[in-house]
Amino acid sequence: MPRPGPRPKRVNLAPRQAEIAIERIGGQGDGIGHFEGRPVYVPATVPGDRLSVRLAAAKGDGLAGEAIELLESGPARVEPPCPYFGRCGGCALQQLRDDAYAEWKGQLLADALVRRGLKDVELRPLLRVAPGLRRRARFALGTRGKGLALGFNMRDSHAIADIEHCLLLVPALDRLIAPLRSGLEELLAPGGHAALEATATETGIDLLIEQTGAPPSAAIRVRLGALAEELDLARVSWGRPGEAPEPIAMRRAPSESFGGVAVALPPGAFLQPSREGEALLLAEARAALKGAKQIADLFAGCGSFSLPLSQGARIHAVEGDKAATEALQAAVRRANIAHRLTVERRDLDRAPLQPIELKRFDALLFDPPRNGAKAQAECLAKSDLPLVVAVSCSVASFARDAQILVNGGYRLDWARPVDQFPWSAHLEIVARFSR
Ligand SMILES: C[S@@+](CC[C@H](N)C(=O)[O-])C[C@H]1O[C@@H](n2cnc3c(N)ncnc32)[C@H](O)[C@@H]1O
């Protein structure tokens, strides 16, 4: 008979109230205090706050707390600049004074590395992207009464915080919120919902509507075409999540230039959240790759790094998404630069580049999605490639992959935090590994 394991600690989930003093801000952006020895996570708080808190549910190793009353403010508390802060789940940290916020953000990277046993790493100062520069947004759209709600999901919820403006967005996207809400009324049946992926490209707004269920009727297609005219949208597409979207109205081909080469973007294409963030990441990567002549660019997307880097080196771009790979291929053909940039479609989780394949490169850049590049890092660890530059949007998966590389004999030369996601707990990282 299996031996019973240690009994889990019982948590009394009956809602109750407690006075909590916030000690620090955790990795998800919540303030952390303690109640009967257990951590309590209270959103939108700062160290030094004293609050009356409702303890309602278990959260991780502790309890989720909901502030009822602020009894005393911590020294770094400021008035949040956005009127929706607290209700809208898009931002977590507008209540924190800017210098304290920047310090906390840089520390996220240091803490993640230490948790993986990576100490004494050169951590370069935080680079920042200001609010108001985000060129991509994924809005939630749902029915509310007789009309629609459009905005971002509330914290830990599928309910939509209806908004008129967002301080994070470029003006072209911010201006779109109200007219999209009134212009899309016929799209949803009562109780229906959709996601709207809007991207401000060089040729105008690219709008992708994602919905489950039947494709739009002929009447709705006509309405979407008219909306594209009214709002001067470059393209409107429709698709089911995970399936190839279908363009419904195309007025101009959405396009973005990387290193002077225009790429015709597929609907819902990945782009770095802001042009400014992309430029910072590219500058860091370029400096880290200096001198390399044969570079593999993995998780290459539509070529935001491959194309500019190909001005000074031969690049092999590898990407898993069919539409992104084809868009980059087409741009390479049009620009006549196949001699300096080759493109391969490949699933790098299932089929990472093997040590033998890595022999033809003198450096590699990888920029995986949030779950990181574990399989590729394991292959790199067994290779003799001298230089690896990592770009990552998750401190946790970055630290894990860094540990794999270091255990495989790489030195982590430096890591740079880049705040592409102001007021959130997300952080971008660029780092250089060598052997
Ligand atoms: C964070 S984006 C980076 C894209 C590009 N480097 C850029 O800056 O625009 C990650 C990219 O990895 C691709 N991707 C995700 N999973 C993948 C996999 N298993 N194999 C190859 N590519 C993958 C995505 O399609 C996406 O283009």
Side-chain angles (χ1 to χ4, degrees), residues 133-141 148 150-152 166 168-188 192-258 261-275 278 300-304 307 319 321-335:
L133 296 173
R134 219 187 140 106
R135 63 176 157 177
R136 285 172 60 212
R138 188 175 173 84
F139 299 112
L141 182 72
L148 294 183
L150 187 154
F152 299 108
C166 172
L168 291 174
L169 302 180
V170 291
L173 283 184
D174 184 54
R175 276 198 299 272
L176 214 58
I177 296 174
L180 275 184
R181 180 177 22 241
S182 52
L184 288 172
E185 275 188 355
E186 288 143 47
L187 184 72
L188 297 188
H193 54 88
L196 305 179
E197 185 107 24
T199 308
T201 75
E202 282 168 0
T203 52
I205 301 287
D206 190 17
L207 180 68
L208 168 62
I209 301 167
E210 273 193 352
Q211 263 180 314
T212 50
S217 64
I220 289 180
R221 284 165 194 266
V222 170
R223 176 68 199 115
L224 291 174
L227 189 69
E229 290 292 327
E230 282 161 31
L231 302 181
D232 188 28
L233 306 178
R235 176 174 61 190
V236 178
S237 316
W238 184 93
R240 293 194 188 87
E243 291 181 14
E246 146 198 22
I248 287 190
M250 174 80 127
R251 299 178 61 249
R252 294 181 295 279
S255 158
E256 201 64 28
S257 298
F258 307 113
V261 176
V263 178
L265 300 169
F270 177 90
L271 288 181
Q272 293 294 340
S274 65
R275 272 194 198 102
E278 180 184 291
C302 292
S304 47
L307 284 161
E319 162 62 41
D321 183 73
K322 182 170 183 283
T325 316
E326 287 171 358
L328 180 54
Q329 278 281 19
V332 166
R333 263 197 309 273
R334 269 195 309 273

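What's counted below: heavy atoms across the whole structure, side chains too, no hydrogens, waters or symmetry copies.
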With [X] via salt bridge (Lys or Arg N to Asp or Glu O under 4.0 Å) - residues at least two apart:
| X | result |
| --- | --- |
| Arg181 | Asp162, Glu164 |
| Arg221 | Glu246 |
| Glu326 | Lys322 |

(message) Per the salt bridge (Lys or Arg N to Asp or Glu O under 4.0 Å) rule, what does the pair list look like for residues 169-179, sequence neighbours excluded?
(response)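 Qualifying pairs: none.
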
(request) Scan for salt bridge (Lys or Arg N to Asp or Glu O under 4.0 Å) pairs involving residues 262-272, sequence neighbours excluded, and state none if there are none. (result)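 Counting only pairs at least two positions apart or across chains, no salt bridge (Lys or Arg N to Asp or Glu O under 4.0 Å) contact touches residues 262-272.
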
Does [X] reach the side chain of [Y], with side-chain heavy atoms less than 4.5 Å apart?
| X | Y | value |
| --- | --- | --- |
| Leu180 | Leu141 | no |
| Pro254 | Thr199 | no |
| Leu148 | Leu188 | yes |

Closest heavy-atom pair and its distance - [X], [Y]:
| X | Y | result |
| --- | --- | --- |
| Leu173 | Ala198 | CD2-CB, 3.7 Å |
| Pro247 | Arg235 | CB-CD, 4.4 Å |
| Ala324 | Asp321 | N-OD2, 2.9 Å |
| Ala194 | Gln211 | CB-CG, 3.4 Å |
| Leu307 | Cys302 | CD1-O, 4.1 Å |
| Arg138 | Ala195 | NH2-CB, 3.4 Å |

Distance-only criterion, 3.5 Å: show the donor-acceptor pairs between side-chain atoms of residues 265-273 and protein atoms not counting sequence neighbours.
residue, atom, partner, partner atom, Å
Gln272, OE1, Gln420, NE2, 2.9
Gln272, NE2, Asp367, OD2, 3.2

(request) Walk me through it: do Leu169 and Leu176 pass the test side chain to side chain contact (heavy atoms under 4.5 Å, CB included)? (result) CA-CA 10 Å; Leu169 302 180; Leu176 214 58; over 6 Å; no

(message) Phe152: which residues meet the ring pair (Phe, Tyr, Trp, His ring centres under 6.0 Å) condition with it, sequence neighbours left out?
(response)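 So Phe152 forms a ring pair (Phe, Tyr, Trp, His ring centres under 6.0 Å) with Phe139.
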
Considering residues at least two apart in sequence or located in another chain, which fulfil the side chain to side chain donor-acceptor pair (under 3.5 Å) criterion with [X]?
| X | value |
| --- | --- |
| Thr201 | Thr203 |
| Arg135 | Glu256, Glu278 |
| Glu185 | none |
| Arg252 | Asp232 |

Distance check, rounded to the nearest 0.5 Å: [X] atom [atom1] versus [Y] atom [atom2]?
| X | Y | atom1 | atom2 | result |
| --- | --- | --- | --- | --- |
| Ser257 | Arg275 | OG | CZ | 9.0 Å |
| Arg136 | Leu208 | CZ | CG | 11.0 Å |
| Leu227 | Leu187 | CG | CG | 10.0 Å |
| Ser237 | Ile209 | OG | CD1 | 8.5 Å |

(request) Report the residues that fulfil side chain to side chain contact (heavy atoms under 4.5 Å, CB included) with Ala228, sequence neighbours left out, ordered by chain and then residue number. (result)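 Side chain to side chain contact (heavy atoms under 4.5 Å, CB included) check on Ala228 returns Leu233, Val236, Ala249, Arg251.
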
